[in-house]
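Just so you know, these numbers come straight off a predicted model, no measurement behind them.
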Amino acid sequence: MSEESTTPAIVLEKVSKRFGRKVVLDELDLTVERGESLVVLGKSGTGKSVLLKHLIGLLEPDSGKVLIDGEDLWSLNEEERGKRRRKFGMSFQEGALFDSMTVGENIAFPLQRHTKMSKDEVAARVAECLDLV
């Protein structure tokens with residue numbers, strides 16, 4: 001068995017985050033094993049989105065570590081962190097789609113911006129995604 005397969009997918013070690021005087025995350029420890037599914041529930045304003053933004057590298061913790069596949073996200077440079085970020089998908093509240101675009105154009109948008117896929121490859125991927133739903 002390879003080392004990667006035994007390393008948890010996500011580990012948070014004593015992660016803390018505050019905004020002004022409001023403590024949102026207070027020395028949070030979390031381990032998510034490979035293949036494990038997790039649901040984050042809570043009332044509005046309790047830190048669910050803040051937690052998710054830490055997991056994908058959009059927010060840096062005030063203290064603690066965010067490890068993805070054993071790598072500390074905040075020991076990486078911005079380019080490397082961006083590469084890790086592209087491995088995640090996140091659907092924000094209310095869908096957060098561009099309402100001026102079709103669903104297909106919304107799917108194509110990140111592919112056009114963040115890959116070197118040709119127009120035909122993008123079109124094929126969009127069709128594949130739409131077939132899934």
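Residues V15 and V66 form a side-chain contact, since some pair of their non-hydrogen atoms from C-beta on lies under 4.5 Å apart. Residues V24 and R18 fail the side-chain proximity criterion, which asks for heavy atoms closer than 4.5 Å. Contact check for L73 versus L55: no side-chain heavy atoms found under the 4.5 Å cut-off. Counting only heavy atoms from C-beta outward, the side chains of R125 and L111 approach each other to under 4.5 Å.
V11 and V50 fall into different hydrophobic clusters, where Ile, Leu, Val, Met, Phe, Trp and Tyr residues are linked whenever their side-chain heavy atoms come under 4.5 Å apart, directly or through other members. Clustering ILVMFWY residues whenever any of their side-chain heavy atoms sit less than 4.5 angstrom apart, transitively, puts V122 in a cluster other than the one holding F109. In the hydrophobic clustering of this structure, I107 does not group with M101; members are Ile, Leu, Val, Met, Phe, Trp, Tyr whose side-chain heavy atoms approach within less than 4.5 Å, directly or through other members. By the rule that hydrophobic residues join a cluster once side-chain heavy atoms approach within less than 4.5 Å of another member, L59 and V23 end up as members of separate clusters.
Annotation: side-chain contact (heavy atoms from CB on, under 4.5 Å) contacts of D72 (sequence neighbours excluded): K65, L67, W74, S75. For the side-chain contact (heavy atoms from CB on, under 4.5 Å) test, residues two or more places apart in sequence or in another chain that qualify with S118 are D120, E121.
Counting heavy-atom neighbours within 6.0 Å of E128 CD, excluding the residue itself, gives a total above 12.
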Checking salt bridge (Lys or Arg N to Asp or Glu O under 4.0 Å) for the pair R81/E71: CA distance, chi angles, key distance, verdict? CA-CA 10 Å; R81 208 169 25 259; E71 280 191 298; over 6 Å; no
Derivation and outcome, side chain to side chain contact (heavy atoms under 4.5 Å, CB included), residues D69 and R34: CA-CA 9 Å; D69 295 330; R34 296 187 183 288; 2.9 Å; yes
Checking E105 against Q112 for the side chain to side chain contact (heavy atoms under 4.5 Å, CB included) test, could you report, in this order, the C-alpha distance in whole Å, the side-chain angles of both residues, the deciding distance, and whether it holds? CA-CA 10 Å; E105 290 168 335; Q112 294 163 337; over 6 Å; no
### Message
Between E80 and K83, is the salt bridge (Lys or Arg N to Asp or Glu O under 4.0 Å) condition met? List the steps.
### Response
CA-CA 5 Å; E80 292 170 326; K83 288 178 186 176; over 6 Å; no
- Item | V40 vs L51, side chain to side chain contact (heavy atoms under 4.5 Å, CB included): CA-CA, chis, key distance, verdict | CA-CA 9 Å; V40 180; L51 168 62; 4.1 Å; yes
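At distances below 3.5 Å, at least one donor-acceptor pair connects side-chain atoms of S16 with backbone N or O atoms of E27. A donor-acceptor pair is defined here as one N or O able to donate and one able to accept, closer than 3.5 Å; such a pair exists between the side chain of K48 and the backbone of K43.
The CG atom of L28 sits 9.5 Å away from the NE2 atom of H54 when rounded to the nearest 0.5 Å. Within the model, atoms CD1 of I68 and OG1 of T7 stand 12.0 Å from one another, a figure rounded to the nearest 0.5 Å. Atom CD of E13 sits about 7.5 Å away from atom CG of D29, to the nearest 0.5 Å. Note that CD1 of I10 is 8.0 Å distant from CG of L38, once rounded to the nearest 0.5 Å.
The minimum heavy-atom distance between G104 and L130, with the atom names listed, is CA-CD1, 4.4 Å.
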